[in-house]
2 protein chains.
Amino acid sequence: MTGHEGDTARPRRPLRADAQRNEDRLLEAAAAAFARQGAGASVKDIARAAGVGVGTLYRRFPSKELLIEAIYRQEVRRLCEAAPELTAVLPPAQALRTWMERFTDFMAAKQGMAEALAVVLTDDSDKLHTRTLLADALTHLLDAAEGQSVARPGVAAQDVLMALGGISLIAASEEQRALATRLIDLLLHGIVTN
Amino acid sequence: MTGHEGDTARPRRPLRADAQRNEDRLLEAAAAAFARQGAGASVKDIARAAGVGVGTLYRRFPSKELLIEAIYRQEVRRLCEAAPELTAVLPPAQALRTWMERFTDFMAAKQGMAEALAVVLTDDSDKLHTRTLLADALTHLLDAAEGQSVARPGVAAQDVLMALGGISLIAASEEQRALATRLIDLLLHGIVTN
DNA sequence: TTGCAAACCGGAACCGGTTCCGCTTACTCT
DNA sequence: AGAGTAAGCGGAACCGGTTCCGGTTTGCAA
């Protein structure tokens, strides 16, 4: 009786050697496929390119969204790390705006990723490191703004994040970049006091 | 039988008798299916229930989204007609809020419709009467608010509509009603002056 | 009435995501 | 080394949306 349960991800028990190898191959193949065709790349093609069956892919990544999340995790992290840097260099309201624009640009750049990420964002399992990262970055920006009294107090990072998700979803295509900008404007007017 | 009669410009030559009959059956079957199972009802089931092949359905409604749009057109119209009534009874900011909440409630009520409608909203063909209707309703509400100087001038109805679409998309599930409310709050803060 | 073309019909086929399950394999314990 | 077993594997099968196309029907006109 080896009752492992409730492993909320962090202390990974080691994967079996073949499983680890397959996971590596899958990540590699998926990264290549998404880079080439955007999130529209088919799961079956990715599995084939990795030399495994779809079942194997699905055991490691229970849905296509989660695979996408895994692939872009690094880039999201980079985006989040930019938040403190922005507040150090820009006035808080501007830092906020700039970061938001980068966020939506990022989503728009990865074709079809918006939908996937939205699913991930709204899913309320805490396993998703990505959401936490993003929320933290936003909290940082909002706190800075609040601290200098340029933002209404009590605006939740979580909500702003969701709003950004919604904007990305609606303004998914490249042609709608202007729309995204205008919506961010609207959102900012709701956040900053002036 | 219900008259239905289109609004989206249909001065074309009348449909062939069999085609018309099939369209009627399809609308009936689709309405029943969506009412019972939400937008998740399968196209194939609807076609079967209507006693036609999927090909027939697709000739009339080139995508599932458009079928959904056709089915809910009436309800959307009703929603839009409520806008002037609200401004007549409530102060403009409150009228705006109430209407927005009705909008997202409506979207949430029809399970899965948010996505379909978002596609319709972002599609830039002008054939979609629905979008025009909604934009007009919002224009009415915004004008009233602007007229009484409670709204920033220059807020485009189109943009607000998109924002509502985004909110509906993100807060699609029933559990997220609170989120939708908070996001509307945020949006309103961006629109009204105070 | 009959002939004919355009409009229409049905459903098989395709594609993508996801699930299921019988078989295989890497590790562990002795 | 050998056996037992959980973990892992692959891909067939399923489901839903969409397309395609050979055959049928309708409405018009000769």
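Quick note: numbers below take in every heavy atom, side chains included, and nothing from hydrogens, waters or symmetry partners. So that the names make sense, note that chain A is the first sequence line, chain B the second, and so on, each numbered from 1.
Distance R25(B) CZ to dG10(C) C1': 14 Å, rounded to the nearest Å. One can place CD of Q20(B) at 16 Å from P of dA7(C), the figure rounded to the nearest angstrom. When rounded to the nearest whole Å, the span between CG of L15(A) and P of dG8(D) equals 6 Å. Going from atom CZ of R60(B) over to atom C1' of dC8(C) covers 8 Å, rounded to whole Å.
Distance OG/S168(B) to CD1/I184(B): 7.5 Å, rounded to 0.5 Å.
Between T56(B) and dG10(C), a side-chain N or O to OP1/OP2 separation shorter than 4.0 Å is present. For the OP1/OP2 pair of dC9(D) and a distance below 4.0 Å, the side-chain nitrogens and oxygens of N22(A) include at least one atom meeting the criterion.
Within the structure, every pair that satisfies the ring pair (Phe, Tyr, Trp, His ring centres under 6.0 Å) test and touches residues 95-123 of chain A, not counting sequence neighbours, is listed here: W99(A)-F103(A). The salt bridge (Lys or Arg N to Asp or Glu O under 4.0 Å) analysis of residues 147-172 of chain A, with sequence neighbours excluded, yields the pairs D159(A)-R182(B).
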5' to 3', nucleotides 15-26 of chain C under a 4.0 Å protein heavy-atom cut-off (B base, S sugar-phosphate only, - none) gives -BBBB-----BS
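Judged as a salt bridge (Lys or Arg N to Asp or Glu O under 4.0 Å), and not counting sequence neighbours, K64(B) has no contacts. Under the side chain to side chain donor-acceptor pair (under 3.5 Å) criterion, T87(B) pairs with H140(B), sequence neighbours left out. The salt bridge (Lys or Arg N to Asp or Glu O under 4.0 Å) test applied to R59(B) returns no partner, not counting sequence neighbours.
Candidate nucleotides dC8(C), dG10(C), dG8(D) were compared by shortest atom distance to the side chain of V52(B), and dG10(C) ranks first.
Using a 4.0 Å heavy-atom cutoff across all strands shown, R48(A) reaches no nucleic acid atom at all.
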